[in-house]
Number of protein chains: 4
Amino acid sequence: MPKIVDKAAKRQEILEAAIAVFLEKGYHGAKMADIAVAASMGKGTLYEYFPTKEALPKEIFNLFFAGLDDQLAQLQQSKQGPIDIIVAGIQLSLADMDEFAAVMPLCFELLGSKALNESLGLSEYFEGWLEQLNQFFVATLVAGQENGQITLDLDAKAFARMLVSTVDGMGLHYCMFQMDAAFFQLQCQELEVMIRQRLQC
Amino acid sequence: MPKIVDKAAKRQEILEAAIAVFLEKGYHGAKMADIAVAASMGKGTLYEYFPTKEALPKEIFNLFFAGLDDQLAQLQQSKQGPIDIIVAGIQLSLADMDEFAAVMPLCFELLGSKALNESLGLSEYFEGWLEQLNQFFVATLVAGQENGQITLDLDAKAFARMLVSTVDGMGLHYCMFQMDAAFFQLQCQELEVMIRQRLQC
Amino acid sequence: MPKIVDKAAKRQEILEAAIAVFLEKGYHGAKMADIAVAASMGKGTLYEYFPTKEALPKEIFNLFFAGLDDQLAQLQQSKQGPIDIIVAGIQLSLADMDEFAAVMPLCFELLGSKALNESLGLSEYFEGWLEQLNQFFVATLVAGQENGQITLDLDAKAFARMLVSTVDGMGLHYCMFQMDAAFFQLQCQELEVMIRQRLQC
Amino acid sequence: MPKIVDKAAKRQEILEAAIAVFLEKGYHGAKMADIAVAASMGKGTLYEYFPTKEALPKEIFNLFFAGLDDQLAQLQQSKQGPIDIIVAGIQLSLADMDEFAAVMPLCFELLGSKALNESLGLSEYFEGWLEQLNQFFVATLVAGQENGQITLDLDAKAFARMLVSTVDGMGLHYCMFQMDAAFFQLQCQELEVMIRQRLQC
DNA sequence: TATGAATGAGCGTTCATTCAT
DNA sequence: AATGAATGAACGCTCATTCAT
C-alpha cells in the first residue's frame, strides 16, 4: 500500500509556504523552487497538488476572502438598528486586517499584472467580493431609510459604494504601509463617528 | 558634426511609450522590445536613455505624482475656511483620476512586487506622497480647530490619516474597477457632505 | 502465505497495455503513468515486472517478430516449387500486417531515436529479422536456380535483398498510411504476378 | 546601425547544425543547447530564427523533399517511352539516397512519435509526397497502356502504388541499415529488370 | 506483493541587456 | 547616436524512477 497522506493537509502546507514566499519575494520574485524549499518538499510534489504556479494565488485568495458573505448575512439578520449594522459591517471588514496583510501585496501585484489579472479573473473576483459588501451596505441603508432610522438625505447606492472604497482604502493602507495598529484603531473610530453622524436623521 | 538630438524629448517619448505598454500588458508582461516598438525606435536606443527596465517606472511615477504638493500649498494659502480647504484638497486629489488611471495598475504591480518595491523604494516614495496629503489635512484640521471653525471633537491626526486612506481608496477603486465617472462623482459628493457635516462645530 | 500471482500473465497484461498506449501516444508521448492506468495497476507495480521504460518495447517486439523463422523454415521444407515458395514467403510476411500495425509506429520511432536504437540494439534486431527473410529468399532462389526452376538471369543475393526491402516497404506503407485493405491486396497480387513472371525460366 | 547579417544564411547554418545533431542523437535526444553548440551560437539565437524545436524538422524535410515533383514533371514531358520513364522515375527517387540518409532516421522518429506526427502534420506531408510519385506512376502507366506500350494485363493504380512502396522500402533499407552502395545498385538493377519485363507487352 | 506519493535532474523557452557596426 | 542581432542565465514544468507503507 502506498504512503498514506492527508492530501488536504499537504495542500494547506503548500499554500502556507506559498503565502510566506509570496509575501517575502512577491509573486514574480518567487520561484517554485523557493516554495518547495519553504514547504520542505521537492519541486515536483508541488505539482501533485497544484497544476501551475498561477493556481496558487487563486486558492490563497479563497482562503482569505471566503466567509465574509456569511458573516455579513448574519449581521443583516441581527436585531440591531441599521446604523449599528453598517458600523458593525465596517468593523467586520477591518477586523482581520492583520491576517490580510499577508496577502495584500500579492493582491496588488496580481491585480496590476495585466496577464495574470486576466487569466485568473482577479478583477472580477475582487469586484464580486466588494460587491457583496456593497450590497450589504445598500440593503441596510435602504432598509434604514424606509423605516425612518437613516436620513433620507443621501443617495444610498453612491454612499454605499463610497463606503466600500473607504473601507478598502483604509485596510489597504494599514497593510501596505505597516501602519501602527493602535493608530489604525483611532482612524477606524473617527470613521465610525463620522458615519454615525451622517446616517442619523 | 554630431547629430543634434533633443535628449529630453526622446526620453519623454520613451516614457510615454512605456506608460502605454505597461498599461496594456503590465510591468512584468511588458518586454523592452514592446516598448521599443511603441516608441518607434530600436531596443538598443532605450538603453541610451534609461539604464534598465526598472528605471522606467520610477520616472513615470515622477511624471504623475509631482506637483501635488505645490497645489496643496497654494490651497493652504487660500482665504477659504478650513473645511472648504479640506474639501478642496480632496477634490484636487480625486480630480485627475482619469490621468492616474494610466499608471494605477503599474503602482499596484510594483508595490506588490517585493523585489521591485524595495529596489525602487516605492513604498517610501508613495508613503512620502501620501504624507504630503496627510500633512495638508493635519495642518488644516489643526488650524481649523484652533480658530474654532472645526469641531474639537476629533483627533486631527487620526482623522487626517483616515481621510488619506479614504481618498486613495476611492481613487483606486475608480481606476481599477473602471467605475462609471458620473457615479464616481456622486460618491465624491456623498463623501464631501459627510465630511462637512463631521467637521463643522 | 504469500499471494499467489501469475507473474507471466501480469507481464503480458502490462505489455498489452503498453502496446495500446504506445500506439495511441507514441513511445515518447507515453508516460509510465498512462501505461499503469491502461494496465489497471499502480505505477510502482510496472517496475516489479520491468526494470525501465526501455525494457518494454524490446519485449513487445519479441511478441510480434518471433515465430517468422519457424514458419519460413516450414515453407522451405514444403514440396512446392521454389517460385511458389517465394511467393508464399511474401504472402506470409504480408499476411499479418494488421497485427503489425499495432507496433509499426513504435518500430519507427525507436529506430529513428538514436539513443534508444543503440541502447536497445534495435537496428541489429531488425536487421537480424530481415536477414532471416533474406536468407529464406536467397536459399530458395539459389535452390530454384540450381534445379532449373528459376531463371539464371538474376543475381540471387541482390534480388533477394531487393525483395526484402520491397515486402517491408509495402507492409510499412500499409500500416503507416492506413491504406485500404482491399487495395493493399490488389497491390500484393500485382507484386506476386510481377515476381512470378520474373522468376520463371 | 546594427550588425548586418544574412538571415537566410544563418537559418541555413542552424538547419545544418540541427540535421547533424538530429542524426547524431535523434530528435528526442537532441537538446536545443546541442544544436546551438553545433551551430556555434547561443541558445537564444536559435529562437531568433525558429520559434520552437518542432519548427526545425519541418523545415529540414522541406530542404530534402522539395523539388521531386519538378523533376518528375520534366520526366513526364520527355520523349522516352513510358517504361523508360517509369524506370527513370524510380532511378530518380533512389538516386540521392545518400543525402536522404541524413534525415531518414529523423523521418522515422517523428512519424512514429504520435504527438509530433500530428502537430507537424507529417503523415499528410509524406503521404502528399508519395502521392506525387504515385500520380507520376499512374499517369505514365495509363498513358503507356493507352498507346499500347505497356501491357493491359495490370491494374495501373495498384501497380503504381506498389511501386511507390517498393521504391520507398528500398531507399529506406539502404539508409537505415547502412547498406553497401554497390550492392544497393545491384538491387536497383534487379528491380529495374523485373519491372521492365512486367510492363512490356 | 502492490502502491502512488515524492522526487529532482533535465529541458524548452524567454527576455533584459550588450555591443559590433 | 542608433540599431537589432546575439546572448545565456533563469525558470516553469515534466516524468521516469524510488521507496515507505
Side-chain angles (χ1 to χ4, degrees), chain A residues 1-7 10 28-37 39-55, chain B residues 1-7 10 28-37 40-56, chain C residues 1-5 7 10 28-37 39-56, chain D residues 1-7 10 28-36 39-56:
Chain A
M1 262 145 281
K3 205 181 293 186
I4 289 160
V5 172
D6 184 341
K7 286 220 147 206
K10 206 126 194 183
H28 288 95
K31 301 164 214 163
M32 289 303 270
D34 296 329
I35 297 172
V37 168
S40 309
M41 56 184 72
K43 237 184 322 165
T45 309
L46 299 180
Y47 288 89
E48 298 283 329
Y49 294 84
F50 298 93
T52 62
K53 188 185 181 187
E54 279 192 23
Chain B
M1 190 170 61
K3 201 186 291 187
I4 290 164
V5 173
D6 185 340
K7 285 215 133 205
K10 211 135 192 186
H28 287 96
K31 302 168 207 164
M32 289 302 271
D34 296 329
I35 297 172
V37 168
S40 308
M41 58 185 74
K43 248 182 307 169
T45 310
L46 299 181
Y47 286 86
E48 298 289 328
Y49 294 85
F50 298 91
T52 64
K53 188 184 181 187
E54 280 191 17
L56 291 167
Chain C
M1 191 167 59
K3 201 186 290 186
I4 290 164
V5 174
K7 285 215 128 201
K10 211 136 189 186
H28 287 97
K31 301 168 208 166
M32 289 302 270
D34 297 328
I35 297 172
V37 168
S40 308
M41 59 184 75
K43 251 183 304 170
T45 311
L46 300 181
Y47 286 86
E48 299 287 329
Y49 293 85
F50 298 92
T52 64
K53 188 184 182 187
E54 281 192 16
L56 292 166
Chain D
M1 261 143 281
K3 206 180 292 184
I4 289 161
V5 172
D6 184 339
K7 286 219 146 205
K10 206 125 193 186
H28 288 96
K31 301 163 214 164
M32 290 303 270
D34 296 329
I35 297 172
S40 308
M41 58 183 72
K43 241 184 315 166
T45 310
L46 300 180
Y47 287 88
E48 297 284 327
Y49 293 85
F50 298 93
T52 61
K53 188 183 181 188
E54 278 193 26
L56 292 167

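Per chain, numbering begins at 1; letters A, B, ... match sequence-line order.
Atoms CD (C/E48) and P (F/dT17) sit 14 Å apart, rounded to a whole Å. Put simply, CD on B/E54 is 13 Å from C1' on E/dT17, counting in whole angstrom units. If you take CG of C/L46 and P of F/dC15, they are 16 Å apart, rounded to a whole angstrom. The NZ atom of D/K10 sits 7 Å away from the C1' atom of F/dA5 (whole-angstrom rounding).
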For DNA chain E, produce a single dot-bracket line, 5' to 3'. Pairs: Watson-Crick or G-U wobble, both distances under 3.5 Å. Symbols: ( ) within strand, [ ] crossing, | other strand, . unpaired. .||||||||||||||||||||
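Within the nucleic acid shown, A/Y49 comes within 4.0 Å of sugar-phosphate atoms alone, with no base atom in reach, counting heavy atoms only.
Between A/A30 and A/K53, the shortest heavy-atom distance links the atoms O-NZ, 2.8 Å. Nearest heavy-atom pair, D/Y47 versus D/T52, reported as atom, atom and distance to 0.1 Å: CE2-CA, 4.2 Å. B/A33 and B/K43 make their closest contact through CA-CG, 3.9 Å (heavy atoms, listed as atom of the first residue, atom of the second, distance). In plain terms, the two heavy atoms of C/M32 and C/L46 that are nearest each other are O-CD1, 3.4 Å.
The phosphate of E/dT3 has OP1 or OP2 within less than 4.0 Å of a side-chain N or O from C/T45. Not one side-chain nitrogen or oxygen of A/Y47 sits closer than 4.0 Å to the OP1 or OP2 atom of F/dC15. For the OP1/OP2 pair of F/dG4 and a distance below 4.0 Å, the side-chain nitrogens and oxygens of D/K7 include no atom meeting the criterion.
With rounding to the nearest 0.5 Å, the separation of OH in C/Y49 from NZ in C/K7 is 5.0 Å.
Looking at heavy atoms from C-beta onward, A/K10 lies out of side-chain contact with A/E48 at the 4.5 angstrom threshold.
A residue-by-residue look at C/M41 and A/G42 shows that C/M41 has its nearest nucleotide of DNA chain E further toward the 5' end. Taking for each of B/S40 and C/H28 the nucleotide of DNA chain F with the nearest heavy atom, the 5'-most of the two is the partner of B/S40.
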Between the protein and nucleotides 9-11 of chain F, are there any N/O to N/O pairs under 3.5 Å, and if so, what are the atom names and distances?
unit_1 : atom_1 : unit_2 : atom_2 : d
F/dA10 : N6     : D/K43  : NZ     : 2.9

